[in-house]
Amino acid sequence: DNVQEDYTKFEVRYPLQRYAFLKIIADGKIAVFESYIWVGEHKRVEYFFKTKDGKISVFEFADRFNKKNTLKEIFADCPAVTEKIKGYITEAKVLKWIAEYNNCDVSTTN
C-alpha cells in the first residue's frame, strides 16, 4: 500500500539501545510517539508524550499503577479532557483524549 508513516529518532534509553525510531501518531500541543515491542505473543505499547517545551512523559499500558494520574498530569491544562479520565483505560480512549487535548481551546500561558 502507499500509506506514508512518519517516524522520528527518539531518545528512549531502553536497556539495549539509547535511541529508537518511533511512529508519530499525533502532533499539536503535545506530540505523541508510539513504541511497541512484542513480549512473546503480547504487544507491549508505550506512548511518549512530548510537550512544546520539550518535557517528555511516558505512558505504558503494561504499567497498572497511576495510569489515570499520569494522564491527568499530561493533560492538566485542559480540564475538558481531564474530567473524562475515569473508568478502565483503553488504548482507544487514550488516543481519543490525545486528539481532544490537541484541539482543546482553553488558552494557556505558554
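- Taking OG1 of Thr70 as the start and CD1 of Ile85 as the end, the distance is 10.0 Å to the nearest 0.5 Å.
- Taking Thr51 as the reference, Asp53 meet the side chain to side chain donor-acceptor pair (under 3.5 Å) condition, with sequence neighbours excluded.
- Using bins of under 30°, 30° to 60° and over 60° for the plane-to-plane angle, the ring pair Phe75/Phe49 lands in the perpendicular bin.
- Residues meeting the salt bridge (charged side-chain N to carboxylate O under 4.0 Å, His left out) test with Glu34, sequence neighbours left out: none.
- Lys93 approaches Lys86 most closely through the heavy-atom pair NZ-O, 3.9 Å.
- Checked against side chain to side chain donor-acceptor pair (under 3.5 Å), Lys96 has no partners two or more places apart in sequence or in another chain.
- Rounded to the nearest 0.5 angstrom, Lys23 NZ and Phe48 CZ are separated by 15.5 Å.
- The heavy-atom pair separating Cys104 from Lys29 by the smallest distance is CB-NZ, 4.1 Å.
- Rounding to the nearest 0.5 angstrom, the gap separating the OH atom in Tyr101 from the OG1 atom in Thr82 is 10.5 Å.
- The shortest distance between side-chain heavy atoms of Val32 and Ile24 does not fall below 4.5 Å.
- You'll find the side chain of Phe33 stays beyond 4.5 Å of the side chain of Asp6, heavy atoms only.
- Scored by the side chain to side chain contact (heavy atoms under 4.5 Å, CB included) test, Leu95 finds Ile25, Tyr47, Glu91, Ile98 as partners (sequence neighbours excluded).
- Between Ile30 and Asn102, the shortest heavy-atom distance links the atoms N-OD1, 2.9 Å.
- For Lys72, there are no salt bridge (charged side-chain N to carboxylate O under 4.0 Å, His left out) partners, not counting sequence neighbours.
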